[in-house]
Amino acid sequence: MRLVLLGPPGAGKGTQAKRIADEYRVPHISTGDILRENLRAETPLGLEAKGFMDRGELVPDEVLVGIIRDRLGKPDCAGGFMLDGYPRTIPQATALGEILGEKGTPLDVVLNIDVPDEELVSRLSGRRMCECGASYHVQFNPPAVEGVCDACGGRLYQRDDDKEDAIRNRLQVYSDQTQPLIDFYSKESLLASVDGTGGIDEIFAAIKKILDAYK
Ligand code: ADP
Ligand code: ADP
Ligand code: ZN
């Protein structure tokens, strides 16, 4: 299965991606996680990306296309993959189409998780992350022990870009640059949408109904 998860910041892409990866045995490729790992390790890529990420802006397309080209070339992607946070612009989507076209392995489906703006702000402002990529919410999805990751025991932290100003900016960037992908992929007949409001398990059940067709 070759899958893209689409949706605004805070839609629950990362949360659902963990479950999808377990259920369908596909690698979960989160460009946000890759960039944050590079930030922590202070690689040249991380240093280049930092300013954009702190401001809630997009990192330039060439950088992301390079990351994705490399990652999709790894052996674990041969049997399929799930992209989370890529593509975010039309040029990124076009580049992805070219990369996959060269290999003769086009996308199967683009799953769009739909959540209204008011809900996104409260999800993002209460989000707590772990370095392992797991995400929690102080109220909606708390870990068993406060401040500690259920999956790996790591310490949870609040992302710098999950503060009010950067959140507003990210939602604006989403509607300007990423939302047009909904139309783009619906014209390619690849789009499937799920209602991303409601409980996490309930949403996962709706996602399974869609994805079972591509197993
Ligand atoms: P994304 O990867 O799309 O930015 P996340 O998966 O990190 O989103 O989720 C954003 C925040 O919302 C997190 O704090 C997460 O725990 C919480 N969350 C995820 N799904 C739901 C849901 N169905 N209802 C309420 N909160 C949710
Ligand atoms: P969210 O949880 O809001 O969906 P991510 O973790 O996917 O956020 O991304 C965090 C930040 O990393 C983005 O605000 C952006 O600066 C950068 N980023 C991640 N993926 C991309 C991408 N495909 N193109 C450009 N910038 C990206
Ligand atoms: Zn963890």
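Both ligands and their constituent atoms are indexed starting at 1 by order of listing. Count residues from 1 along the sequence. Quick note: numbers below take in every heavy atom, side chains included, and nothing from hydrogens, waters or symmetry partners.
- Between G7 and ligand 1 there is no heavy-atom distance shorter than 4.0 Å.
- Nearest protein heavy-atom neighbour of atom 2 (O) of ligand 1: G14 N, 2.9 Å.
- Separation of atoms CZ (R88) and CZ (R170) is listed at 8.0 Å; rounding is to 0.5 Å.
- Side-chain N or O atoms of T31 include one that pairs as donor or acceptor with a backbone N or O of G85 at under 3.5 Å.
- With hydrogens left out, the protein atom closest to atom 8 (O) of ligand 1 is G12 N, 3.2 Å, a heavy atom.
- Within the structure, the closest approach of R36 to ligand 2 falls below 4.0 Å when heavy atoms are considered.
- Proximity of R127 to ligand 2, defined as any heavy-atom pair under 4.0 Å, is confined to the side chain (atoms from C-beta onward).
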_N169 vs Y174, test: side chain to side chain donor-acceptor pair (under 3.5 Å). Steps then yes/no._
CA-CA 9 Å; N169 201 23; Y174 172 80; over 6 Å; no
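- Closest heavy-atom approach to atom 6 (O) of ligand 1 among the candidates T15, I113, I200: T15.
- D161 places no side-chain N or O within 3.5 Å of a backbone atom of A166 that could act as its donor or acceptor partner.
- The protein non-hydrogen atom at the shortest distance from atom 14 (O) of ligand 2 is E57 O, 4.1 Å.
- Here is the list of ligand 1 atoms found below 4.0 Å of a heavy atom in N141: 16 (O).
- Atoms of ligand 2 lying under 4.0 Å from any heavy atom of P9, numbered from 1 in the order shown and given with element: 3 (O), 4 (O).
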*Does the side chain to side chain contact (heavy atoms under 4.5 Å, CB included) test come out yes or no for I90 and L181, once each step is laid out?*
CA-CA 6 Å; I90 299 276; L181 293 177; 3.9 Å; yes
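- At a threshold of 4.5 Å between non-hydrogen side-chain atoms, the residues E131 and R40 count as touching.
- The atoms of ligand 1 that sit less than 4.0 Å from any heavy atom of F140 are 25 (C), 26 (N).
- When only interatomic distances are considered, the shortest N/O to N/O separation between G10 and ligand 1 falls below 3.5 Å.
- Atom 24 (N) of ligand 2 has as its closest protein heavy atom Q92 NE2, 2.9 Å.
- In terms of protein heavy atoms, atom 20 (N) of ligand 2 is closest to T31 OG1, 2.8 Å.
- For the pair L107 and L96, the minimum side-chain heavy-atom distance is below 4.5 Å.
- Regarding atom 18 (N) of ligand 1, its nearest protein heavy-atom neighbour is R123 CD, 4.1 Å.
- The angle C130:SG - the Zn ion (ligand 3) - C132:SG amounts to 110°, with values rounded to 10 degrees.
- With respect to atom 10 (C) of ligand 2, the closest heavy atom belonging to the protein is R159 NH2, 3.5 Å.
- Under 4.0 angstrom from ligand 2, the non-hydrogen atoms of L35 all belong to its side chain.
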*asked:* Please determine whether side chain to side chain contact (heavy atoms under 4.5 Å, CB included) holds for the pair L156 and M129, giving the CA-CA distance in whole Å, both sets of side-chain angles, and the decisive distance to 0.1 Å.
replied: CA-CA 5 Å; L156 304 185; M129 296 283 291; over 6 Å; no
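- Side-chain contact, T43 with N38: a donor N or O sits under 3.5 Å from an acceptor N or O.
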*Would D114 and S193 count as a side chain to side chain donor-acceptor pair (under 3.5 Å) if you check the C-alpha gap in whole Å, the side-chain angles of each, and the deciding distance to 0.1 Å?*
CA-CA 7 Å; D114 208 14; S193 283; 5.8 Å; no
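- Judged by distance alone, the side chain of Y86 and the main-chain N or O of Q92 form a donor-acceptor pair under 3.5 Å.
- Using 4.0 Å as the threshold, G198 has a heavy atom nearer than that to some atom of ligand 1.
- Under a 4.0 Å criterion applied to the non-hydrogen atoms of Y136, ligand 1 contributes the atoms 13 (C), 14 (O), 16 (O).
- Proximity of T178 to L6: side-chain heavy atoms (C-beta onward) are separated by under 4.5 Å at one or more points.
- Counting heavy atoms from C-beta on, the side chains of F204 and E23 come closer than 4.5 Å.
- In the candidate list R170, M53, R88, R88 is nearest to atom 9 (O) of ligand 2, counting heavy atoms.
- Within the 4.0 Å heavy-atom criterion, the part of L64 lying near ligand 2 is the side chain and not the backbone.
- In the vicinity of I203, heavy-atom distances shorter than 4.0 Å reach the ligand 1 atoms 23 (N).
- Remark: L39 CG to L47 CG distance equals 8.0 Å, nearest 0.5 Å.
- Every atom of ligand 2 with a heavy atom of G85 under 4.0 Å away is listed here by number and element: 20 (N), 21 (C), 22 (C), 23 (N).
- Cation-pi geometry between R155 and Y157 is not met: the NZ or CZ atom fails to fall both under 6.0 Å from the ring centre and inside 45° of the normal.
- Annotation: atom 4 (O) of ligand 2 to nearest protein heavy atom, K13 NZ, 3.2 Å.
- Nearest protein neighbour of atom 17 (C) of ligand 1, counting heavy atoms only, is H137 CB, 4.1 Å.
- Nearest protein heavy-atom neighbour of atom 26 (N) of ligand 2: V59 N, 3.1 Å.
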